[in-house]
Protein chains: 2
Amino acid sequence: MKTTRARSITQEDVAREVGVSRTLVSFAFRGAPGVSDETKQAIFDAAKLLGYSHNAAAADLARKQPATVGLFLLDLSNEVYVDVFSGVREAISPMKKRLILSVSHSRGSIDEGSLSSLIEARVGVIIAATLLEPDSQVQELSRTVPLISVTRRVEGVDSVYSNNVAGARAAVEHLLRLGHTRIAHVTGPIHQGHEDRRLTYEEVIHKAGLVPQVVYAQDYTQEAARQAADQLFGALDRPTAVFAHNDEMALGVREIAFVHGLEVPRDLSLVGYDDSRIAKLHGIDLTSVDLHALELGRTAGITALERLAKPDFPVIDRKLEPRLMVRSSTAAPAR
Amino acid sequence: MKTTRARSITQEDVAREVGVSRTLVSFAFRGAPGVSDETKQAIFDAAKLLGYSHNAAAADLARKQPATVGLFLLDLSNEVYVDVFSGVREAISPMKKRLILSVSHSRGSIDEGSLSSLIEARVGVIIAATLLEPDSQVQELSRTVPLISVTRRVEGVDSVYSNNVAGARAAVEHLLRLGHTRIAHVTGPIHQGHEDRRLTYEEVIHKAGLVPQVVYAQDYTQEAARQAADQLFGALDRPTAVFAHNDEMALGVREIAFVHGLEVPRDLSLVGYDDSRIAKLHGIDLTSVDLHALELGRTAGITALERLAKPDFPVIDRKLEPRLMVRSSTAAPAR
DNA sequence: ATGAAAGCGCTAACAT
DNA sequence: ATGTTAGCGCTTTCAT
């Protein structure tokens, strides 16, 4: 039943069928002015008849400047990135830009291939959420292709991000206010540009006259957090509260705490970050910092469009303010 | 600080720099035989020096048959599709195929654009999870480009799917065995090829001498389910158990049940479908049918590769068997 | 091992 | 309103 797909139907074929030049066909398909309604209709009819479909690769090649936005996402199983995607698409789809997606292969370490696949696709601009590379590499990349860094501010590079210092501060202060004195922080490996939450945690804890306790997981996923947090709950003076780098990690901590017989919030207060849908579920009710991922995506999309239009515009820097969402995963420590 | 990006560096530039023909450069980059190690090295060096990067659009155009796999995903906020993605990539990445992603715009209705964007990108094969179009349209599409339908069997089209009849039967029979007599089913709109779960539910319920109660939500999302299931819990003889089309919808039902003051499983037993990570969380513990989404993706990836290699091979049909995962969201009804 | 040359399907001046 | 023409950057016979 498979028909042989020899040579594909081209605009030339359509032109011949209608009896016009290929230019008209090209014009018609791009809605360019200067084609009579009559011929336009004839062209569309013939195209449908012949089964013509536009060849984006050829068009991209012929066109001088690319009409494509590349979106790099770190990890699809973290809902934040799905939200960023939705936001970007929302912002971009009204324009006639194509959006091509690239998802990182590695969840906690540096990833080369995903970015270069975008570059090879000759996108006009790359929106990247989240880059783990050091600033210098990001800056270098942005010299090759216009780049919008999302969820992370990079000096000299268009950046759309959330105020992580404010978010982390709100989270930790919330726990302090509840009366916790042994508050741990669970995070991923150290990467430049991703230290605000941890550093703020350490600072606030210090200022309160307490001792910070940071656990580094292998990456930023639920699984890694679960594994890393295990050590936390074996000791006698285990923490009574944990501030996790993100909701996924908070969920991992929550699972392993349960394995140790600890209930949230009775035995352990837990704060996440991202305010994902899961955090809001009854039975999870995770206190979390909302960084407005969808809005981050929208803003990044708009920024990308602006950058595409004005390559020489000064560096754009957009910071959103997060919001602590208090739920029942946090409470005063048992005494 | 933005440097002007005039004309991009081409193989021609590299060739000139090294003092060879562009053929050699092309050969070198594709690892084609017939280039001395010496010149190959010189070419790579020059490429790096000039900042050359391969142009995929141009290559695709010049190459006769495309080396790209297109993947269509219905909804990224449903973890099943993220798993399918992971599986597909896992299967495909060892080969040198590129993978391009397209995510549906509409979550519960038919979506034209996303598929055509894949066709316009001239992919060699499309893996689609999940297509909502009627069989006839899917079959027609598969005549344009080789198509692998995932999570749904379509006659005459390569299909990789799970046995939904067995899965739904296991789910409903589990509830019957617990003693439930008022079991409702919450699902999305009626689409050809997506009725196995509902039909099986109805059949099993009927055979048990009970009355089926089906609620149709606007699409297959948590939000839609929440909204649609509201009516379920107002009535006096409300169901004591709900079998949802998927985990997302089950979660939606769970939330609205809670709003009505119902606890799971005390007042309501709940069965989902997909066995996503959320289902496994402590506090959620959702009984669910595992359809092995990751494996579905892997299998689809392999199938796509096979189809690419042998366009005229007979239609491939691969069915996986699901598994009911019983957790504490289901219990005997209160009496 | 290396090179010359044709052409992939399309866009975009530039003509008419 | 319509047609002519010259590429875009690459792959790929076919020569040498």
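Lettering follows sequence order; numbering is per chain, from 1.
A/Leu24 places its CG atom 19 Å from the P atom of C/dA15, with the value rounded to the nearest Å. If you measure from atom CG of B/Leu61 to atom C1' of C/dG7, you get 9 Å, rounded to the nearest angstrom. At whole-Å resolution of the value, CG in B/Asp37 and P in C/dT2 are 10 Å apart. In this structure, CD of B/Glu120 is placed 15 Å from P of C/dG9, rounded to the nearest angstrom.
A search for side-chain hydrogen bond (donor to acceptor under 3.5 Å, both in side chains) contacts involving A/Ser21 returns nothing, not counting sequence neighbours.
By the 30° and 60° cut-offs, the orientation of the rings of A/His191 relative to A/Tyr220 is tilted.
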**Report entry** nucleotides 10-16 of chain D: protein proximity per nucleotide (B base, S sugar-phosphate only, - neither; heavy atom, under 4.0 Å)
**Finding:** BBB----
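Using a cut-off of 4.0 Å between Lys/Arg side-chain N and Asp/Glu carboxylate O, A/Arg153 and A/Asp317 are scored as salt-bridged. Between A/Arg298 and A/Asp83 no salt bridge is recorded (no basic side-chain N to carboxylate O distance below 4.0 Å).
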Contacts table for residues 125-132 of chain B: side-chain donor-acceptor under 3.5 angstrom, sequence neighbours left out:
residue	atom	partner	partner atom	Å
B/Thr130	OG1	B/Tyr81	OH	2.7
B/Thr130	OG1	B/Thr151	OG1	2.8

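Phosphate contact (OP1/OP2 of D/dT2, side-chain N/O of A/Thr39, threshold under 4.0 Å): present.
For the residue pair B/Asp135 / B/Gln139, no side-chain donor-acceptor distance below 3.5 Å is found, with atom types taken as modelled.
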